[in-house]
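Below is one structure, written out as structure tokens; comments come after it.
Order of the sequence lines fixes the chain letters, A, B, ..., with proteins taken first and strands second; residue numbering starts at 1 for each chain. The shown structure was predicted, so the numbers you read here are calculated from the model rather than taken from an experiment.
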Protein chains: 2
Amino acid sequence: MLGELGEQGADTVSSDELAAATGVNPAKLRKDLSYIGSYGIRGVGYEVSALTHQLERVLGLNHRQAVALVGIGNLGHALAGYGGFDGRGFPVTALFDVDPDLVGIHINGILVQDVAAIPEVCRARDVTIGMITTPGPAAQGVCDLLVEAGVRCILNFAPVVLQVPGEVEVRKVDLAVELQILAFHVARRNLTGGDPESNGHVVNGAGGLKP
Amino acid sequence: MLGELGEQGADTVSSDELAAATGVNPAKLRKDLSYIGSYGIRGVGYEVSALTHQLERVLGLNHRQAVALVGIGNLGHALAGYGGFDGRGFPVTALFDVDPDLVGIHINGILVQDVAAIPEVCRARDVTIGMITTPGPAAQGVCDLLVEAGVRCILNFAPVVLQVPGEVEVRKVDLAVELQILAFHVARRNLTGGDPESNGHVVNGAGGLKP
DNA sequence: GCAACTTTGTGCGTGCCTTCACAAGCGACT
DNA sequence: AGTCGCTTGTGAAGGCACGCACAAAGTTGC
């Protein structure tokens, strides 16, 4: 996003502009930016190139991190072909599945290998991030393999809560839950004067239920 | 998840068990459940079937909501074929794209139509939720069409911040940002004794930057 | 050089969310 | 029937994040 601004010819950008574009409070944005150091100029704004550079440095975006994708189903296939990851510094460098019909084929020039090869291949290619797009029951086994391979970041699309050692960080993405949250908010808004006390609590607390 | 518990033969479940399974604090879980009424039995736990029923009622999961999917690229194609939505009460009932090569084909038995047909088709099929998986530049236009069609929940996968009227609820899903958050947390953890004050602020505030 | 305007950086108050801790209630066992 | 153990439901406290509002600092115009 900052990159776009830079290409559009903007030399500097004010916190108000950035805040309006991202829908965040300007004060909060300035406070966040102040945590990484004072790189703004009072009366002018933030120099786009300097800000971009500093953010990349702090967020660790300056070195690319290899991603392994396990589970070449519908979703996995799409993510393997999604160009957005590589463009943001996360090249998908290894694909895995259990299906013998899938093992051996190439997607976007990347060979699909058997899950048994996860430890070896991930170590060889220095994979630091794993994405799990398998069906739920297979996810924990795959996760264990990734952890064994030294992967310490896992993005989990399977509808299960993964058990991992403390040093491993897991983020869960459940698209159906996203839809439920949306539907819940709108349903609540339709109730004229609905109890404002229970706003969001239920959604946060009971996420992941499956009728 | 509760459904799985029920099938596994558990009649009742305690807040501690549920909390352990979901990784949430037990007290918070109980408080959340208390907001929808007291359906637990002290000394025993929560009756699984009753709790499931109540949660479905409160979360509005008892009536299915039709979903329209716009943008049949890699990701859109995968989501159109993803069975998880229909199983959770969100049947994908309409597909749209601008590409003439795609318009007319069927995915999972659903016809892909031109985006110009969005207002008419969405109204006819009573679509309440829209999912946008178009490239960034096309997203706002598609969004406007959906809003015009009366859609009030939008799940946005495009890397832009959508401008919508107040009554429309938008949720943004950016998978690259998820990876960045993961990478950031692990990078921070590697810094021995890194400044604990700046924990997460930067990630929340500056989400969506693109180098 | 001075005044007026802009924009950053931040101290402080407010309100929400989380979590601890405990009373109330229910079942089992004697 | 009474007691003991277990679990829910909730009051209260603590912490955290958000956002207002203002001082500091820089730029522009005269």
| query | What is the minimum heavy-atom distance between B/Ala68 and B/Phe96, and which atoms define it? | reply |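 The pair with the smallest heavy-atom distance is CB-CE1, 4.0 Å.
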| query | If you look at every heavy atom in A/Ala149 and A/Pro119, which pair is closest and at what distance? | reply |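 Between these two residues, the closest heavy atoms are CB-CA, 3.6 Å.
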| field | Short side-chain N/O contact to D/dG9 OP1/OP2 from B/Tyr46, under 4.0 Å | value |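 Affirmative; the distance criterion is met.
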| field | C/dT8 OP1/OP2 closer than 4.0 Å to side-chain N/O of A/Ser15 | value |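 Looking at the OP1 and OP2 atoms of C/dT8, one of them is under 4.0 Å from a side-chain N or O of A/Ser15.
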Could you run down the sub-3.5 Å N/O contacts of the protein with nucleotides 2-4 of chain C?
none

| query | What nucleotide, of D/dT7, D/dG9, C/dG9, holds the atom closest to the side chain of B/Ser14? | reply |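 Nearest to the side-chain atoms of B/Ser14, counting from C-beta on, is D/dT7.
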Provide, to the nearest angstrom, the distance between the [atom1] atom belonging to [X] and the [atom2] atom belonging to [N].
{"X": "B/Leu29", "N": "D/dT7", "atom1": "CG", "atom2": "C1'", "answer": "13 Å"}
{"X": "B/Lys28", "N": "D/dA12", "atom1": "NZ", "atom2": "P", "answer": "20 Å"}
{"X": "B/Leu33", "N": "D/dG9", "atom1": "CG", "atom2": "P", "answer": "8 Å"}
{"X": "B/Asp16", "N": "D/dT8", "atom1": "CG", "atom2": "P", "answer": "7 Å"}
{"X": "A/Leu18", "N": "C/dT7", "atom1": "CG", "atom2": "P", "answer": "13 Å"}
{"X": "B/Leu51", "N": "D/dT8", "atom1": "CG", "atom2": "C1'", "answer": "13 Å"}

| Ignoring hydrogens and geometry, is there a side-chain-to-backbone donor-acceptor pair from B/Asn156 to B/Val160 under 3.5 Å? |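 Yes; judged by distance alone, with no hydrogens or angles, the pair exists.
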| query | Are any side-chain N or O atoms of A/Glu17 and backbone N or O atoms of A/Ser14, one a donor and one an acceptor, separated by less than 3.5 Å? | reply |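 The answer is yes, because a donor-acceptor pair under 3.5 Å joins these two groups.
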| Is the closest side-chain heavy-atom distance between A/Arg30 and A/Asp16 below 4.5 Å? |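 Yes - at least one pair of side-chain heavy atoms lies under 4.5 Å apart.
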| said: Side chains of A/Leu95 and A/Val70, heavy atoms from C-beta outward: is any pair under 4.5 Å? | reply: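 No, their side chains stay 4.5 Å or more apart.
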| field | A/Thr128-A/Gln65 side chain donor-acceptor pair, cut-off 3.5 Å | value |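 Yes - a donor-acceptor pair under 3.5 Å links their side chains.
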I'd like a table of donor-acceptor pairs (distance under 3.5 Å, sequence neighbours excluded) in which one partner is a side-chain atom from residues 71-85 of chain B, with atom names and distances.
from: B/Asn74; atom 1: ND2; to: A/Gly81; atom 2: O; distance (Å): 3.2

Name each donor-acceptor pair under 3.5 Å that joins a side chain in residues 136-143 of chain A to protein atoms two or more places apart or in another chain, with its distance.
from: A/Gln140; atom 1: OE1; to: A/Gln163; atom 2: N; distance (Å): 3.0
from: A/Gln140; atom 1: NE2; to: A/Asp144; atom 2: OD1; distance (Å): 2.9
from: A/Gln140; atom 1: NE2; to: A/Gln163; atom 2: O; distance (Å): 3.1

| query | Would you call A/Arg88 and B/Asp174 a salt bridge, taking side-chain N to carboxylate O under 4.0 Å as the test? | reply |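 Counted as a salt bridge, because a side-chain N and a carboxylate O are separated by less than 4.0 Å.
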| request: Just jot down the side chain to side chain contact (heavy atoms under 4.5 Å, CB included) partners of A/Arg125, sequence neighbours excluded, or say none. | output: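 Expected list: A/Ala94, A/Gln113, A/Val121, A/Val127.
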Where do N or O atoms of nucleotides 20-22 of chain C meet protein N or O atoms at under 3.5 Å, pair by pair?
from: C/dA21; atom 1: N6; to: B/Arg30; atom 2: NH2; distance (Å): 3.4

| note | Going 5' to 3' through nucleotides 24-30 of chain C and flagging B where a protein heavy-atom sits under 4.0 Å of the base, S where only the sugar-phosphate is that close, and - otherwise, we get BBBS---
